[in-house]
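Single-structure report; data block below.
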Amino acid sequence: MKKRKRRLGCAALLMGLLAAPVLLVLVVAVREPAAPPMESVGKVAGIPQRMLTAYQNAATRLPDEVPKCTGMRWPILAGIAKIESNHAGGRKVASNGDIRPRILGVLLNGSGAGGNHTTFPDTDGGKWDGSASGERAVGPFQFLPSTWNSSGRDGNDDGTKDPHNADDAALGAAVYLCGTGRNLTDRSQLKSAIFQYNRSDAYVTDVLSWVDRYSQMGNGTIRLGQNATGDARTVINAALHEKGTPYSWGGGTDTGPSPGICCSPTGKSGASITGYDCSGLTTYAYAQVGIRLPRTAAAQSQRGKRIPASRGIGALKPGDLVFFGYGSDSSIYHVGIYLGDGQMVNAARPGTKVRTEPIWDHGYAGGARLL
């Protein structure tokens with residue numbers, strides 16, 4: 001008997017992913033979403049507490065260093081450090097802020113390593129970068145020793161200006177970004193400051209995306225759905241109500257979870273599972289406010305008012321669709337629903353369940369506003 005073809009979403013993300021077949025029995029209840037739970041999702045995602053403290057302290061102390069500078073905030077420093085060192089990722093940060101082992105960039109001798117084709121002669125005798133034959137970028141903010149000589153600061157008051165110390169490096173970066181007195185609340189001046197840090201438009205875009213993300217997270221715990229109202233609240237609430245429902249490739253309709261394939265787009269496992277894939281979940285959630293969506297993530301990206309990725313996640317509002325792809329709308333492979341505070345609810349991939357999580361680091365392709 002010929003099998004009926006089915007329109008399926010989220011395929012590109014899942015190619016090659018296989019999981020053992022799982023047989024589940026789903027008990028379907030009357031779907032009356034409760035009020036969105038003010039669910040705590042913890043501290044600022046992905047930033048070690050000691051590094052976050054360094055960024056916050058630097059922002060607080062900056063006015064004493066550059067009185068004419070306004071608008072310095074910890075998310076700006078966090079955005080830089082995310083790109084430069086992933087917040088000193090893989091290193092130990094002592095209580096005094098010292099980072100070991102030291103973070104050292106490639107030797108800038110014009111060899112092309114790390115994308116650099118310019119020779120930078122040594123300026124520190126190897127004191128900070130361990131090499132007297134040339135320069136290396138150093139520390140969590142990747143200062144050149146020559147730049148550190150002028151911008152370095154003693155952020156932990158131990159009498160030493162050390163680019164391998166989190167407090168010193170963060171305060172030095174704040175000073176460097178501020179120049180003689182920028183207004184960093186002005187987006188154009190913020191862009192100029194970041195461009196000065198690394199003269200690359202792509203770099204500026206990457207850093208700003210993280211600045212925008214961190215700007216929404218505050219200093220403590222964040223709570224989902226707290227800024228949603230009206231139809232956006234209904235959509236978010238409907239999706240949150242499905243947390244814990246299994247991922248099912250091809251699953252999900254206007255009325256709720258439905259049978260799909262476990263556990264890859266190729267269907268190699270041959271098992272059936274009731275649940276949602278990414279676009280199935282959004283289809284169900286938006287149906288609760290009378291909006292019918294097409295079945296794939298790429299097609300859903302063509303609905304409503306498009307929000308380009310270049311505007312960063314700060315342009316999103318709770319209830320917006322949020323997309324991921326490979327650089328163009330035609331390559332979009334995943335969709336979730338934005339919750340605010342840099343978080344989304346989505347059906348991520350085989351072997352998982354509907355869940356909330358931070359917006360993914362890679363492949364962010366903007367959003368769409370239908371409400």
Side-chain angles (χ1 to χ4, degrees), residues 42-89 91 93-99 103 138-143 147-148 150-198 203-222 312-314 341-342 358:
K43 295 290 183 180
V44 176
I47 304 180
Q49 185 60 48
R50 186 59 184 84
M51 294 301 294
L52 178 59
T53 297
Y55 308 151
Q56 293 170 337
N57 287 343
T60 299
R61 293 185 57 159
L62 190 279
D64 293 332
E65 301 290 341
V66 189
K68 293 183 179 180
C69 182
T70 58
M72 174 55 68
R73 301 173 292 114
W74 74 260
I76 296 173
L77 299 172
I80 296 284
K82 170 64 181 178
I83 301 301
E84 295 294 347
S85 69
N86 195 24
H87 309 299
R91 266 63 171 186
V93 186
S95 59
N96 71 346
D98 285 345
I99 298 170
I103 302 172
V138 298
F141 284 86
Q142 290 291 277
F143 277 99
T147 305
W148 182 254
S150 58
S151 296
R153 294 295 188 273
D154 180 11
N156 63 351
D157 299 319
D158 65 354
T160 301
K161 301 176 183 179
D162 183 352
H164 299 285
N165 177 275
D167 298 311
D168 295 0
L171 186 55
V175 169
Y176 186 73
L177 288 164
C178 274
T180 58
R182 287 189 173 96
N183 174 12
L184 298 179
T185 63
D186 181 332
R187 189 78 168 186
S188 63
Q189 292 191 48
L190 176 58
K191 288 182 177 179
S192 295
I194 298 171
F195 186 79
Q196 172 187 289
Y197 205 96
N198 186 322
Y203 178 86
V204 173
T205 298
D206 285 346
V207 169
L208 283 175
S209 71
W210 284 102
V211 172
D212 290 341
R213 185 175 308 191
Y214 293 141
S215 294
Q216 299 181 57
M217 292 185 176
N219 293 333
T221 58
I222 56 181
I313 67 168
D341 300 314

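Please read these numbers as outputs of a predicted model, since none were measured by experiment.
Taking CG from N57 and CG from L62, the interatomic distance works out to 12.5 Å, rounded to the nearest 0.5 Å. Atom CZ of F143 sits about 10.5 Å away from atom CG of D168, to the nearest 0.5 Å. Distance check, rounded to the nearest 0.5 Å: CD of Q189 to OG1 of T70 gives 7.5 Å.
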What verdict does the side chain to side chain contact (heavy atoms under 4.5 Å, CB included) test give for K68 and T180, after you've listed the backbone C-alpha separation in whole Å, the side-chain angles of each residue and the deciding distance to 0.1 Å? CA-CA 7 Å; K68 293 183 179 180; T180 58; over 6 Å; no

- request: Evaluate the side chain to side chain contact (heavy atoms under 4.5 Å, CB included) criterion for residues L208 and L190: first the C-alpha distance (whole Å), next the side-chain angles of each, then the deciding distance (0.1 Å), finally the verdict.
  value: CA-CA 9 Å; L208 283 175; L190 176 58; 3.7 Å; yes

Starting from the C-alpha separation in whole Å, work towards a yes-or-no answer on side-chain hydrogen bond (donor to acceptor under 3.5 Å, both in side chains) for Y203 and E84. CA-CA 10 Å; Y203 178 86; E84 295 294 347; 2.6 Å; yes

CA sep, side-chain torsions, deciding dist, call: N156, D162, side chain to side chain contact (heavy atoms under 4.5 Å, CB included): CA-CA 10 Å; N156 63 351; D162 183 352; over 6 Å; no

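Contact detail for G312 and D212: the closest heavy-atom pair is CA-OD2, 3.8 Å. What you find for R182 and S192 is that their closest heavy atoms are NH2-O, 4.1 Å. The minimum heavy-atom distance linking A58 with L77 is given by the pair CB-CD1, 3.6 Å. When every heavy atom of P163 is checked against every heavy atom of A169, the shortest pair comes out as O-CB, 3.6 Å. Scanning both residues, I47 and A78, for their nearest heavy atoms gives CD1-CB, 4.1 Å. Closest non-hydrogen pair, Y55 versus H87, comes out as OH-ND1, 2.8 Å.
No side-chain donor-acceptor contact under 3.5 Å links Y197 to the backbone of A173. Q142 places no side-chain N or O within 3.5 Å of a backbone atom of I83 that could act as its donor or acceptor partner. In this structure, the side chain of W148 engages the main chain of K161 through a donor-acceptor pair within 3.5 Å. Side-chain N or O atoms of D98 include none that pairs as donor or acceptor with a backbone N or O of N165 at under 3.5 Å.
Here the options are R153, R50, R61, the test is salt bridge (Lys or Arg N to Asp or Glu O under 4.0 Å), and the partner is D167; only R50 passes.
The aromatic rings of W74 and Y214 are tilted relative to each other, their planes meeting at an angle between 30° and 60°.
For the pair R73/L184, no side-chain contact is recorded, criterion being any heavy-atom separation below 4.5 Å from C-beta on.
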